[in-house]
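The structure appears below as structure tokens.
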Amino acid sequence: MFATYLIGLREGLEATLVVSILVAFLVKSDRRNRLPHVWLGVGLAVVLSVFFGWLIEYTSTTLLNTSKQRELFDAVTSVAAVVFVTFMIFWMRKAARSIAGELRGKLSEALAVGAFAVTGMAFLAVIREGLETALIFYSAAESAAGGTGRGPLLALAGGIATSVVIGFLLYRSALRLNLGKFFTWTGALLILVAAGIFKYGVHDFQEADVVPGLNTHAFDITSVLDPGSWYATLLSGMFNITPAPSVLEMVAWVAYAVPVMLLFLRKPGRPAAPAKPAATDVPAPAPQRA
């Protein structure tokens with residue numbers, strides 16, 4: 001459940017920061033009359049995100065008739081979730097410093113157009129986070145003990161609620177948070193979560209007979225890591241670490257986690273210094289005689 005809480009916290013805080021930037025800009029520019037349009041756009045984005053999450057669950061449990069169809073659907077959604085979370089992690093690291101200015105610029109343009117444009121701008125600013133959250137949550141919940149029970153949903157709701165509180169305190173300047181370090185640490189943890197989701201997706205591909213090797217285990221530490229123990233459940237729920245994974249599952253986990261983690265933790269290089277103009281061999285003009 002920690003994985004789903006982390007997803008709710010990370011995605012929720014990104015959306016909360018976006019909304020707080022929009023609200024603060026309208027308040028400081030004395031355009032409070034446009035605040036209802038921003039909240040309307042945010043509300044529509046939330047409703048559509050919830051509907052998208054319900055549609056994924058309904059498709060898996062009702063529209064698909066056979067277990068192989070459901071396994072294949074879960075595998076595809078897992079791979080899609082990994083793609084989204086990877087893009088989101090790297091995009092946020094790159095755009096964190098400029099996102100406020102970009103949002104203010106887009107909102108200024110929307111204000112010049114009218115109320116509909118403001119609503120649409122707020123909707124588009126939030127909907128990406130909402131759709132990502134729905135997809136990643138479904139995949140993470142399925143990879144953790146099959147997504148049974150209300151635990152994953154409550155963990156997601158708790159993460160979102162925490163992000164809203166943090167965002168409100170930041171907006172009120174009652175809390176100072178190093179967002180760079182926050183997104184770095186949560187990004188690193190989400191990479192491990194995404195590696196587990198990818199591993200689970202490969203397992204589902206094997207269950208659906210799309211790829212072979214389901215019963216070819218990389219190792220079996222069931223005697224050490226009892227599947228019924230609380231710590232095994234914790235590791236499985238957080239990072240999908242299982243006591244008897246297949247060889248292909250472990251290859252997928254390592255192939256994703258190692259290079260992506262190294263790229264994410266690598267410090268961006270400093271911009272190159274401007275090149276000095278090359279010296280010329282043209283002699284200086286001789287001083288003229290009086």
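Note that the structure is predicted; figures quoted are calculated from it, not measured.
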Inset, instruction - Check each of T61, L55, I56 against T59 using the side chain to side chain contact (heavy atoms under 4.5 Å, CB included) test, and report the only one that passes. - result: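 Filter result, single survivor: L55.
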[X] to [Y] - nearest heavy-atom pair and separation:
{"X": "T184", "Y": "F264", "value": "O-CE2, 3.3 Å"}
{"X": "L131", "Y": "S49", "value": "N-OG, 3.7 Å"}
{"X": "T162", "Y": "Y5", "value": "OG1-OH, 3.1 Å"}
{"X": "S60", "Y": "R70", "value": "O-CD, 3.0 Å"}
{"X": "A155", "Y": "T4", "value": "CB-OG1, 3.1 Å"}
{"X": "A244", "Y": "T222", "value": "CB-OG1, 4.4 Å"}

Qualifying residues under side-chain contact (heavy atoms from CB on, under 4.5 Å), relative to [X], sequence neighbours excluded:
{"X": "T16", "value": "S163, V164"}
{"X": "K106", "value": "M121"}
{"X": "E71", "value": "D204, E207, A208"}
{"X": "A218", "value": "V247, M250"}

Linking I/L/V/M/F/W/Y whenever their side-chain heavy atoms sit closer than 4.5 Å, directly or via other members, would [X] and [Y] fall into one cluster?
{"X": "L214", "Y": "V211", "value": "no"}
{"X": "F116", "Y": "L107", "value": "no"}
{"X": "V251", "Y": "V79", "value": "no"}
{"X": "V260", "Y": "L263", "value": "yes"}
{"X": "V113", "Y": "V38", "value": "no"}

Any heavy-atom pair between the side chains of [Y] and [X] that's under 4.5 Å?
{"X": "M261", "Y": "L265", "value": "yes"}
{"X": "L22", "Y": "L35", "value": "no"}
{"X": "P245", "Y": "F219", "value": "yes"}
{"X": "V18", "Y": "V42", "value": "no"}
{"X": "L248", "Y": "F205", "value": "no"}
{"X": "Q206", "Y": "V210", "value": "no"}

For residues 185-198, run the donor-acceptor check on the side chains, cut-off 3.5 Å, and write out each pair with its distance to 0.1 Å, sequence neighbours left out.
residue : atom : partner : partner atom : Å
T186    : OG1  : R10     : NH1          : 2.8
T186    : OG1  : F182    : O            : 2.8
T186    : OG1  : F183    : O            : 3.4

Reported [atom1]-to-[atom2] distance for the pair [X] and [Y], which is rounded to 0.5 angstrom:
{"X": "T242", "Y": "Y200", "atom1": "OG1", "atom2": "OH", "result": "12.0 Å"}
{"X": "L13", "Y": "L170", "atom1": "CG", "atom2": "CG", "result": "7.0 Å"}
{"X": "L44", "Y": "I127", "atom1": "CG", "atom2": "CD1", "result": "9.0 Å"}
{"X": "D74", "Y": "L72", "atom1": "CG", "atom2": "CG", "result": "9.0 Å"}
{"X": "L135", "Y": "S78", "atom1": "CG", "atom2": "OG", "result": "8.5 Å"}
{"X": "F137", "Y": "I7", "atom1": "CZ", "atom2": "CD1", "result": "8.5 Å"}

Inset, instruction - Apply side-chain hydrogen bond (donor to acceptor under 3.5 Å, both in side chains) to T77 and list each qualifying residue two or more places apart in sequence or on a separate chain. - result: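 Not a single residue meets the side-chain hydrogen bond (donor to acceptor under 3.5 Å, both in side chains) criterion with T77.
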Legend entry - With sequence neighbours excluded, residues passing salt bridge (Lys or Arg N to Asp or Glu O under 4.0 Å) with D209: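 Once residues adjacent in sequence are excluded, the partners of D209 under the salt bridge (Lys or Arg N to Asp or Glu O under 4.0 Å) criterion are K68.
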Kindly state each residue pair satisfying side chain to side chain donor-acceptor pair (under 3.5 Å) with at least one member in [range], sequence neighbours excluded.
{"range": "residues 112-135", "result": "R128-E132"}
{"range": "residues 248-264", "result": "T86-Y256, K199-E249, H203-E249, S246-E249"}
{"range": "residues 23-33", "result": "none"}

Inset, instruction - Return each pair, listed once, that meets ring-ring contact (aromatic ring centres under 6.0 Å, His included) where at least one residue sits in residues 15-51; pairs must be two or more places apart or across chains. - result: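 Qualifying pairs: F51-W54.
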Legend entry - Sequence neighbours excluded, every pair satisfying salt bridge (Lys or Arg N to Asp or Glu O under 4.0 Å) that has a member inside residues 152-167: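 Found none.
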